[in-house]
Amino acid sequence: MKRLYFNEVSTRDGFQIEPEFVPTDSKIALIDALSECGYAKIEVTSFTSPKAIPMLRDAEEVMGRIKRALGVEYTVLVPNLRGAERALESRADELNLVMSVSETHNLANLRMPREHSFAALTQVIKRVDGQTPINVSLSCAFGCPMEGGVTQQEVLQWAQRFADLGVRGLTICDTTGMAHPGQVSRLVDALQAKLTQQLTLHFHNTRGMGLANVLAAVQGGIERFDGSLGGLGGCPYAPGASGNVCSEDAVHMLDAMGYDTGMALDRLLQVAREMPAIVGHDVPGQVAKAGPSMTLHPAPAYVAERRANADLKLHNSMLSN
Ligand code: COA
Ligand code: ZN
């Protein structure tokens with residue numbers, strides 16, 4: 001059974017687009033519950049400008065008060081040097097730096113051209129100097145909602161530039177659900193042929209292709225995935241963004257196929273069922289509502305009657321023969 005590794009992003013990507021502030025205590029209780037579910041990593045929050053992402057303005061308090069479980073890495077999203085200083089102060093296990101492969105999305109999301117982001121993130125990597133592992137998330141790697149297509153060459157080039165700076169991992173993000181499985185297969189082949197970094201795939205289910213894309217990536221050899229409990233999520237600065245691939249739906253599918261996700265699905269589903277109360281609305285995840293595929297339901301009463309009648313007929317016909 002192939003081992004896969006899950007990174008939960010609901011309290012970062014999931015919450016950042018929610019209209020109602022999720023209280024700090026609820027965030028901490030949720031992260032503590034998620035820590036018991038078998039994740040390799042949890043993206044707890046982001047150290048961004050509180051004006052840009054007001055939902056995550058309590059990042060220091062959340063990082064300071066969560067209970068850290070052995071074997072789980074607690075990572076945080078970081079857009080610039082200021083964010084990196086805050087993340088190091090909070091003893092994050094990993095810094096997840098972010099920039100977009102699309103110039104327009106980078107200007108919308110991070111308010112600077114890509115080259116400025118690259119220079120700022122280079123400074124961060126030098127400042128961290130191996131003290132804490134670095135991952136880089138490349139947004140809009142499968143397309144940009146404002147520019148359209150993004151070439152594979154463009155993604156490979158940015159990935160290579162960060163690889164040359166010695167980062168541990170790269171996350172390839174489909175920020176607004178534009179990827180399709182054929183494109184995923186081609187890009188993961190090209191990335192793995194070129195790079196030795198840990199590769200994580202980050203899909204959004206905006207157009208219903210999320211799980212198909214996860215499967216294409218797994219079949220292409222990828223072992224690490226981001227997912228969001230309940231399927232929450234979206235970048236507030238990417239028009240039309242909606243939820244991430246739902247963690248429990250992805251784990252359920254991969255478990256059923258015989259992959260070793262390391263996750264405790266029953267426990268994960270219990271936590272997932274609390275999500276609507278936490279955010280105050282229904283969430284897109286399906287398995288928490290339907291139950292795992294082997295959840296059995298009682299047959300209607302007439303089935304028993306039909307079965308008894310059929311048995312009786314068979315019995316009578318055997319007697320008469
Ligand atoms: N943490 C806290 N505050 C920060 C900060 C950080 N990492 N970086 C900048 N700020 C503050 C500055 O102090 C300044 O505050 P002030 O207005 O009170 O003086 C304000 O944010 C603007 O700073 P500036 O350097 O001019 O940044 P900007 O306006 O160009 O914004 C970002 C750049 C990256 C800080 C901002 O756009 C951001 O945080 N974006 C979040 C992107 C994101 O998380 N998107 C979703 C995930 S992909
Ligand atoms: Zn995302």
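Counting starts at 1 for both ligands and their atoms, in listed order. One-based numbering along the sequence shown.
Under a 4.0 Å criterion applied to the non-hydrogen atoms of Lys51, ligand 1 contributes the atoms 16 (P), 17 (O), 18 (O).
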Decide yes or no on side-chain contact (heavy atoms from CB on, under 4.5 Å) for Val98 and Val136, but give the supporting numbers first.
CA-CA 6 Å; Val98 62; Val136 176; over 6 Å; no
Could you check Asp226 against Lys41 for salt bridge (charged side-chain N to carboxylate O under 4.0 Å, His left out), going step by step and ending with a plain yes or no?
CA-CA 9 Å; Asp226 285 357; Lys41 215 192 267 190; over 6 Å; no
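Contact check on Arg86 versus Glu60 returns a salt bridge, with a Lys/Arg side-chain nitrogen under 4.0 Å from an Asp/Glu carboxylate oxygen. Using a 4.0 Å cut-off between a side-chain N of Lys or Arg and a carboxylate O of Asp or Glu, Glu94 and Arg168 qualify as a salt bridge. Between Lys27 and Asp58, at least one side-chain nitrogen of the basic residue sits less than 4.0 Å from a carboxylate oxygen of the acidic one, meeting the salt-bridge criterion. Salt bridge annotation for Arg68-Asp93: present, with a cationic side-chain nitrogen under 4.0 angstrom from a carboxylate oxygen.
Residue Arg12 has no nitrogen or oxygen atom sitting less than 3.5 Å from a nitrogen or oxygen atom of ligand 1, judged on distance alone. Every N/O-N/O distance between Ser46 and ligand 1 stays at or above 3.5 Å. Backbone and side-chain nitrogen or oxygen atoms of Gly83 are examined, and one is located within less than 3.5 angstrom of a nitrogen or oxygen of ligand 1. In terms of polar-atom proximity, Pro50 is not counted as a contact of ligand 1, lacking any N or O under 3.5 Å from an N or O of the ligand.
In terms of protein heavy atoms, atom 8 (N) of ligand 1 is closest to Asn80 ND2, 2.9 Å. Protein heavy atom at the shortest distance from atom 20 (C) of ligand 1 is Ser49 OG, 4.3 Å. Remark: minimum distance from atom 44 (O) of ligand 1 to any protein heavy atom is reached at Thr48 CG2, 3.2 Å. Protein heavy atom in closest approach to atom 36 (C) of ligand 1: Ala52 CB, 4.0 Å. Looking only at protein heavy atoms, the nearest one to atom 2 (C) of ligand 1 is Arg86 NH1, 3.1 Å. At the shortest separation from atom 34 (C) of ligand 1 among protein heavy atoms lies Pro79 CB, 3.7 Å. For atom 43 (C) of ligand 1, the nearest non-hydrogen atom of the protein is Asn109 OD1, 3.6 Å. Scanning all protein heavy atoms for the shortest distance to atom 13 (O) of ligand 1 gives Arg82 NH1, 2.8 Å.
The main-chain N or O of Leu156 is never found under 3.5 Å from a side-chain atom of Gln160 such that the two would form a donor-acceptor pair. Judged purely by atom type and a 3.5 angstrom limit, Asp249 uses its side chain to pair as donor or acceptor with the backbone of Val287.
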Name the atoms and distances for all side-chain donor-acceptor pairs under 3.5 Å in residues 110-121, with sequence neighbours left out.
from, atom 1, to, atom 2, distance (Å)
Arg111, NE, Ala108, O, 3.3
Arg111, NH2, Tyr237, OH, 3.4
Arg114, NE, Glu103, OE1, 2.6
Arg114, NH1, Val101, O, 2.8
Arg114, NH1, Glu154, OE2, 2.9
Glu115, OE1, Arg161, NH2, 3.1
Glu115, OE2, Arg161, NH1, 2.9
Ser117, OG, Asn106, ND2, 2.9

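When all heavy atoms of Met209 and Gly177 are compared, the pair lying nearest together is CE-O, 4.2 Å.
A cation-pi arrangement is absent between Arg91 and Tyr74 under the rule of less than 6.0 angstrom and at most 45 degrees off the ring axis.
The protein does not reach atom 24 (P) of ligand 1 closely, with no heavy atom under 4.0 angstrom from it. The nearest protein heavy atom to atom 39 (O) of ligand 1 is closer than 4.0 Å. By the definition of a contact as any protein heavy atom under 4.0 Å away, atom 10 (N) of ligand 1 is in contact.
Under the 4.0 angstrom criterion for non-hydrogen atoms, Ala84 is not in contact with ligand 1. For the ligand labelled ligand 1, residue Leu77 lies inside the 4.0 Å heavy-atom shell.
Seen from the Zn ion (ligand 2), atom NE2 on His202 and atom OD2 on Asp13 lie at an angle near 90° (rounded to 10 degrees).
No side-chain donor-acceptor contact under 3.5 Å links Glu223 and Tyr5.
Within the coordination shell of the Zn ion (ligand 2), defined by N, O or S atoms under 2.8 Å, His204 is present.
Counting only non-hydrogen atoms, the option in Gln16, Arg111, His105 that gets closest to atom 30 (O) of ligand 1 is Arg111.
Heavy-atom neighbours of Glu89 CD from other residues, nucleotides or ligands within 6.0 Å: at or below the threshold of 12.
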